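A, B, ... follow the sequence lines: proteins, then strands. Residue 1 opens every chain. Please read all numbers here as calculations on a predicted model, not as lab measurements.
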Number of protein chains: 2
Amino acid sequence: MTTPPPRPALRADARRNAERLVSAAREVFAERGVDVPMDDIARAAGVGNATLYRRFPTRRALLQAVHRDEIDALHARSQELLAAPSPDEGLATWLRELAMQGSTSRSLATALMNALKDEGADVSWCRETMHAAAAALLDRAQRAGSVRGDITAGQVLKLVNAVAFATEGGPDAQRQADRLLTVVMDGLRSRD
Amino acid sequence: MTTPPPRPALRADARRNAERLVSAAREVFAERGVDVPMDDIARAAGVGNATLYRRFPTRRALLQAVHRDEIDALHARSQELLAAPSPDEGLATWLRELAMQGSTSRSLATALMNALKDEGADVSWCRETMHAAAAALLDRAQRAGSVRGDITAGQVLKLVNAVAFATEGGPDAQRQADRLLTVVMDGLRSRD
DNA sequence: ACCTGAACACCGTTCAAGT
DNA sequence: ACCTGAACACCGTTCAAGT
């Protein structure tokens with residue numbers, strides 16, 4: 001769950017094509033949005049369109065692959081923050097970093113929304129990695145009594161990603177996301 | 001802004017076709033989702049597809065028309081709640097009703113998301129009506145000092161609709177939305 | 001085992017012809 | 001003024017043929 005999805009042994013050319021597809025998709029998604037035609041991604045990668053489908057059966061799977069490193073980094077960051085002096089600040093810091101990244105990348109916000117809303121097996125790695133990261137920090141803060149107990153990691157993730165998704169694209173997206181996250185964090189903290 | 005978009009005088013048959021299109025779209029969106037082919041909606045309404053495009057140039061415009069009555073009702077409800085004894089409870093009640101409706105209707109949640117995220121003129125009626133409703137209740141609560149002053153009506157709407165959108169479709173959607181809205185409302189209230 | 005481009009089915013949008 | 005179905009362009013997905 002904390003390790004990326006298996007990388008089956010691929011023939012050298014297949015491996016190279018897969019990497020080109022992910023790189024091309026990253027650029028094209030960023031420039032032209034997440035609804036860009038699949039054929040355009042294949043063309044940008046210099047491979048046939050059927051090769052794209054063979055490697056990434058759904059657009060969501062491709063989106064997940066594009067953001068694999070960021071998702072891994074968010075998970076690693078959550079492990080670091082488990083050592084933060086204040087449990088609720090550890091959680092708040094992680095959620096803020098998540099919201100900041102999502103609010104500046106429609107592509108990432110969409111990848112996370114796909115993984116959090118649907119149950120699809122093609123995005124289970126993303127869903128489980130994010131869930132593990134959030135659950136560890138949330139659980140610690142709840143045990144310390146600084147965050148309300150009547151909420152789950154899945155709900156917190158949906159809420160914060162919804163903030164990112166709703167602010168993305170607008171003017172001043174980061175600032176807006178930050179403002180909304182402050183509201184959410186205040187709501188998450190236990191009442192005295 | 002508080003009145004629905006102009007209903008230009010239409011010939012009797014055109015008027016009837018427009019009503020059939022809205023009714024058909026409401027049913028088809030509810031049964032098969034908001035991405036259903038436009039041709040299927042026209043067929044369900046018993047009119048040619050070009051008639052659909054003539055009347056509703058974009059899918060968003062059609063979605064807005066489908067939810068016209070609900071949006072009107074939400075606006076009317078906000079006017080009623082301005083007379084609630086407690087300003088922050090008036091706001092909380094309205095936001096809860098909004099979240100409940102959105103979390104049980106992907107079609108409504110999508111219509112609102114379209115109107116709140118984009119600046120498109122084709123959904124300006126929805127955006128402005130919702131904004132007027134939220135702004136009145138929020139302003140009253142902020143003046144009373146019970147809700148934090150550093151947030152705008154547009155931000156509150158995005159946040160609450162994001163809650164609806166994120167919970168919609170899942171199991172126990174209403175309950176989940178209610179839970180998340182409690183968190184959001186706690187975050188919105190001024191700290192003592 | 002993997003790649004390719006073409007074929008196929010489908011959908012959004014426009015338009016010439018009708019009433 | 002409005003309606004219609006067909007035409008057109010485009011996109012997702014599959015498949016026969018290649019290496």
Exercise for the section: Report yes or no: do His67(A) and Glu70(A) form a side-chain donor-acceptor pair below 3.5 Å? Expected result: yes
Practice task
Check whether more than 12 heavy atoms from other residues, nucleotides or ligands sit under 6.0 Å from atom CD of Glu89(A), and answer yes or no.
Solution key: no
Handout entry: Minimum-distance nucleotide to Asp39(A) side chain [options: dT13(D), dC3(C), dC2(D)]
Key = dT13(D)
Handout entry: Along DNA chain D (nearest heavy atom to each residue), the more 5'-positioned of Asn17(B) and Asp40(A)
Key = Asn17(B)
Completion exercise
Separation of dC2(D) atom P from Arg20(B) atom CZ, nearest Å, is 16 Å
Exercise for the section: For Arg43(A), report the nucleic acid contact type (base, sugar-phosphate, nothing); a contact means any heavy atom under 4.0 Å. Expected result: nothing
Exercise for the section: Without swapping roles, check the side chain of Ser78(B) against the backbone of His75(B) for a donor-acceptor pair under 3.5 Å. Expected result: yes
Practice task
Record whether the side chain of Asn49(B) comes under 3.5 Å of the base of dT4(D) through a donor-acceptor pair of N or O atoms.
Solution key: no
Completion exercise
Per side-chain contact (heavy atoms from CB on, under 4.5 Å), Leu157(A) is matched among Leu112(A), Leu138(A), Leu98(A), Thr152(A) by Leu98(A)
Exercise for the section: Anything below 3.5 Å on both distances counts as a pair; with that, list the stems of at least three consecutive Watson-Crick or G-U pairs involving DNA chain D. Expected result: C:4-8 with D:12-16, C:12-16 with D:4-8
Practice task
Pick base, sugar-phosphate or nothing for Arg59(A), based on heavy-atom distances below 4.0 Å to the nucleic acid.
Solution key: sugar-phosphate
Exercise for the section: Look at all strands and tell whether Ala50(A) reaches a base, only sugar-phosphate, or nothing, counting heavy atoms closer than 4.0 Å. Expected result: base
Handout entry: Cation over ring face, Lys158(B) and Phe165(B), 6.0 Å, 45°
Key = no
Handout entry: Distance in angstrom units between Asp35(A) CG and dC11(C) C1', rounded
Key = 15 Å
Exercise for the section: Tell me yes or no: between the side chains of Thr182(B) and Arg96(B), is some donor less than 3.5 Å from an acceptor? Expected result: yes
Practice task
Measure from the side-chain heavy atoms of Met38(B) and tell me the nearest of dG12(D), dC3(C), dG12(C).
Solution key: dG12(C)
Completion exercise
Taking dC3(C), dC2(C), dC2(D) as options, the one with an atom nearest any side-chain atom of Arg55(B) is dC2(D)
Exercise for the section: Write down the distance between CG (Leu62(A)) and C1' (dG12(D)), rounded to a whole number of angstrom. Expected result: 14 Å
Handout entry: Flag, side chain of Ser105(A) to backbone of Gly102(A), donor-acceptor distance under 3.5 Å
Key = no
Practice task
Return the nearest nucleotide to the side chain of Pro37(A); candidates are dC3(C), dG12(D), dT4(D).
Solution key: dG12(D)
Practice task
Identify which nucleotide among dC3(D), dC2(C), dG12(C) has an atom closest to any side-chain atom of Tyr53(B), counting heavy atoms from C-beta outward.
Solution key: dG12(C)
Exercise for the section: Calculate the interatomic distance between Phe56(A) atom CZ and dC3(C) atom P; express it in whole Å. Expected result: 11 Å
Practice task
Give the rounded distance in Å between these two atoms: CZ of Arg32(B) and P of dC10(C).
Solution key: 13 Å
Practice task
Starting at atom CG of Leu21(A), determine the distance to atom C1' of dT4(C), rounded to an integer number of angstrom.
Solution key: 13 Å
Fill in the blank from the handout: Taking dC11(D), dC3(C), dA1(D) as options, the one with an atom nearest any side-chain atom of Arg54(A) is dC3(C)
Practice task
Measure from CZ on Arg11(A) to C1' on dC3(C) and round the result to the nearest Å.
Solution key: 8 Å
Handout entry: Polar side-chain atom of Arg127(B) near backbone of Glu119(B) as donor-acceptor pair, under 3.5 Å
Key = yes
